[in-house]
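For reference, the structure discussed in these notes is given below.
A quick note: this is a predicted structure, and the numbers were derived from the prediction, not measured. All ligand and atom numbering here is 1-based and tracks the order in the structure.
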Amino acid sequence: MQITTTIIGAGVVGLAIAAELSTTRRGILILDRNPSFGQETSSRNSEVIHAGIYYARDSLKARLCVEGNRMLYRICEAGRIPHRRCGKLIVATEKAEEGILASIRERARENGTDPLELLSARQIRQLEPNVKASAALFSPATGIISAHRLMRRYLSQATRNGAQLVTRTTVERVEPAGAEGYRIHVAYPDGLSDVFTSRQVVNCAGLDSDCIAESMGIDVDACGYRLHYWKGEYFSLEVPAGFIKRLIYPVPQENHVGLGVHATIDLSDRVKLGPNATYLPDRNIDYAVDATARQSFFEATVRYLPGIAAVQLHPEMTGIRPKLQKPGDPARDFIIAEESSKGLPGLVNLIGIESPGLTASPAIAKYVGALIGG
Ligand SMILES: Cc1cc2nc3c(=O)[nH]c(=O)nc-3n(C[C@H](O)[C@H](O)[C@H](O)COP(=O)(O)OP(=O)(O)OC[C@H]3O[C@@H](n4cnc5c(N)ncnc54)[C@H](O)[C@@H]3O)c2cc1C
């Protein structure tokens, strides 16, 4: 195959981009270091279709999440991808938090999400008898999805159009190769290596995306491309099916490092609590759940689910957020940049694609398609 466009990373974003680009071009190669697609962050998340409520006005996160939310429901319906538009409640557990709900509602309005409805304590009890809150916002556009089935759908669309996925292939570095585009150096698990050229490169290597950019000679510290890892752990909550019918979120933390320990349901009605947010200064990829965190998860959740006991919480799973901020830094937007201005035409870097990257994936793909031409 004559390779024209190489996509580094077969997570939900790389696969969405492959599906989008493959509608208008041939010679697309998707590379991933794991034995199969979607084995890192894309399979270690809450699987929530976000509405786009919290993000800064006009940011890529806000715009691509709101657009992605609408596109995703259409993709799910057309492709019979398991999903549910269950809605979510953002709950105030004390009077002081009720003022924050008003600012969240205003931000959501500015971002163009479906309007949020303010609910009283009585309305909350009627909808969710196990939730205790003095007020809440109801988001009708929030839902849940099977991330694996979505990725399978993107992949099958891309391969039907001639794209090829090659797994167990680690991209070690990318260097400019003049008129030929870029030279891509790859390594295989058996110790062998290879080099090939590609006219365009799309770097969606998730946790490794800043290292790939650095290998191209970009000063990632000067450009603000350096990633910081934040671990997010989950506990499952052993409760009867239907204990909650919607996603329940506390009001978010000030710094937006995470949305606070929330209660999500999955498509089989299991309840998951989390994720918390722990900074990993050494960037160790460690997916173990710290069982001693049970008490802090319990204390965070019992405020709005007062009927639960700590023994009902069980360590479940972990994901690692590829953030552009370290502790104390302000919230950052996604970086999605075509790098002609750095002397690297035809190269697109996607860095810091944390939440809501799953929701935004179809809109990100459209955006990248526009950046590098049809
Ligand atoms: C705890 C947590 C909860 C989240 N919850 C939600 C949510 O509910 N809703 C939502 O919308 N978003 C959520 N997100 C965000 C969402 O999961 C991510 O934005 C999305 O999965 C990012 O996809 P990606 O394809 O960019 O990255 P990844 O899934 O990390 O894919 C990158 C791929 O690149 C490959 N790769 C890396 N380096 C190399 C290399 N050198 N060579 C070859 N291949 C390489 C990896 O193997 C990987 O498959 C959450 C994230 C976390 C961490």
Side-chain angles (χ1 to χ4, degrees), residues 6-18 29-52 55 61 64-65 68-69 72 88 142-145 147-148 150-151 154-155 165-174 184-188 201-215 227 229-234 247 249 257-259 261-262 264 266 272 274-278 280 285 287 289 316-323 334-336 349-365 368:
T6 300
I7 296 172
I8 308 172
V12 72
V13 172
L15 295 174
I17 292 170
L29 181 65
I30 317 158
L31 299 177
D32 201 285
R33 60 184 171 191
N34 285 312
S36 185
F37 63 88
Q39 295 200 324
E40 298 195 3
T41 311
S42 295
S43 55
R44 296 177 165 276
N45 59 61
S46 305
E47 298 188 296
V48 171
I49 304 177
H50 287 299
Y55 314 107
K61 282 184 181 173
L64 298 175
C65 185
N69 173 290
L72 213 46
K88 99 169 174 182
T142 305
I144 52 177
I145 184 172
H148 185 77
L150 175 67
M151 288 191 278
Y154 287 144
L155 178 60
L165 168 65
V166 180
T167 56
R168 298 177 204 271
T169 304
T170 300
V171 175
E172 303 221 294
R173 69 194 158 88
V174 178
I184 300 178
H185 296 253
V186 297
Y188 305 110
V201 176
V202 184
N203 168 20
C204 14
L207 293 166
D208 222 17
S209 52
D210 58 338
C211 300
I212 301 272
E214 194 163 37
S215 82
L227 285 176
Y229 292 1
W230 290 77
K231 185 169 175 171
E233 295 162 307
Y234 294 85
L247 314 180
Y249 282 57
V257 158
L259 295 177
V261 169
H262 43 267
T264 55
D266 66 17
K272 218 162 56 175
N276 60 359
T278 308
L280 299 177
I285 296 187
Y287 290 123
V289 179
E316 173 79 4
M317 60 163 258
T318 295
I320 296 178
R321 303 173 180 86
K323 278 188 175 290
F334 291 153
I335 290 171
I336 306 179
N349 278 315
L350 293 99
I351 304 180
I353 312 298
E354 51 166 330
S355 194
L358 170 66
T359 308
S361 58
I364 291 176
V368 169

Residues at least two apart in sequence or cross-chain that pass ring-ring contact (aromatic ring centres under 6.0 Å, His included) with Phe334, listed by chain then number, are none
Atom 52 (C) of ligand 1 has as its nearest protein heavy atom Arg44 O, 3.9 Å
Of all heavy-atom pairs linking Ile49 and Asn69, the shortest is CG2-ND2, 3.7 Å
When distances are taken from atom 25 (O) of ligand 1, the protein heavy atom at minimum range is Val13 N, 3.1 Å
If you define the side chain from C-beta out and look only at heavy atoms, does anything of Thr359 sit under 4.5 Å from Val48? no
Min side-chain heavy-atom separation Ile145-Leu358 under 4.5 Å
yes
Heavy atoms, side chains only, cut-off 4.5 Å: are Tyr229 and Leu207 in contact?
-> yes
Using distance alone, determine whether Thr170 and ligand 1 share an N or O pair under 3.5 Å. no
of all protein heavy atoms, closest to atom 42 (N) of ligand 1 is Val171 N, 2.9 Å
Closest heavy-atom approach to atom 8 (O) of ligand 1 among Ile212, Val48, Ile7, Val12 is made by Val48
Closest non-hydrogen atoms of Lys272 and Ser46, given as atom of the first, atom of the second and distance, are NZ-CA, 4.3 Å
shortest atom 1 (C) of ligand 1-to-protein heavy-atom contact is with Tyr234 OH, 3.5 Å
Practice prompt. State, with a plain yes or no, whether a side-chain heavy atom of Glu354 is found less than 4.5 Å away from one of Lys61.
Written response: yes
Min over Asn45, Ile320, Ile353 of heavy-atom distance to atom 53 (C) of ligand 1 lands on Ile320
The atoms of ligand 1 lying under 4.0 Å from a heavy atom of Glu354, numbered in the order shown, are 15 (C), 19 (O)
Output for pair (Glu40 CD, Ile285 CD1), nearest 0.5 Å, gives 6.0 Å
Self-check item: Min N/O separation Arg321 to ligand 1 under 3.5 Å
Solution: no
| field | Contact check: Thr359 vs ligand 1, nitrogen or oxygen atoms, below 3.5 angstrom | value | yes
So, 4.0 Å and heavy atoms of Glu172: is ligand 1 close enough to count as a contact? no
(message) Can you confirm whether Leu227 sits close enough to Ser209 that some side-chain heavy atom of one is under 4.5 Å from a side-chain heavy atom of the other?
(response) yes
Note: Cys204, heavy atoms under 4.0 Å from ligand 1, region reported as backbone
Any heavy atom of Trp230 under 4.0 Å from ligand 1? The part involved is neither
Note: Thr169, heavy atoms under 4.0 Å from ligand 1, region reported as backbone
Checking heavy-atom distances from atom 14 (N) of ligand 1 to each of Gly357, Cys65, Gly232, Ser355, the winner is Ser355
Of Gly274, Gly11, Ser42, the residue with the heavy atom nearest atom 29 (O) of ligand 1 is Ser42
* Asked: Just distances here: any N/O of Leu207 and N/O of ligand 1 closer than 3.5 Å?
  -> no
message: Just so I know, are the side chains of Ser215 and His185 near enough to count as touching, which here means a heavy-atom distance under 4.5 Å?
response: no
min-distance protein heavy atom vs atom 49 (O) of ligand 1 -> Asp32 OD2, 2.6 Å
The closest protein heavy-atom partner of atom 27 (O) of ligand 1 is Gly206 CA, 3.9 Å
of all protein heavy atoms, closest to atom 44 (N) of ligand 1 is Arg33 N, 3.2 Å
heavy-atom search around atom 16 (C) of ligand 1 in the protein gives Leu358 N, 3.8 Å
>> Side chains of Trp230 and Ile320, heavy atoms from C-beta outward: is any pair under 4.5 Å?
In response: no
Residue set satisfying side chain to side chain contact (heavy atoms under 4.5 Å, CB included) with Ala16, at least two apart, ordered chain then number -> Tyr154, Ser361, Ala365
Among Met151, Gln39, His50, closest by heavy atom to atom 7 (C) of ligand 1 is His50
Output yes when the distance from some N or O of ligand 1 to some N or O of Glu40 is under 3.5 Å, and no in every other case.
yes
Under 4.0 Å from one or more heavy atoms of Glu47, ligand 1 contributes atoms 8 (O)
Of all heavy-atom pairs linking Ala213 and Asn203, the shortest is N-ND2, 3.8 Å
Q) Less than 4.5 Å apart, any side-chain heavy atom of Leu247 and any of Ile144? A) yes
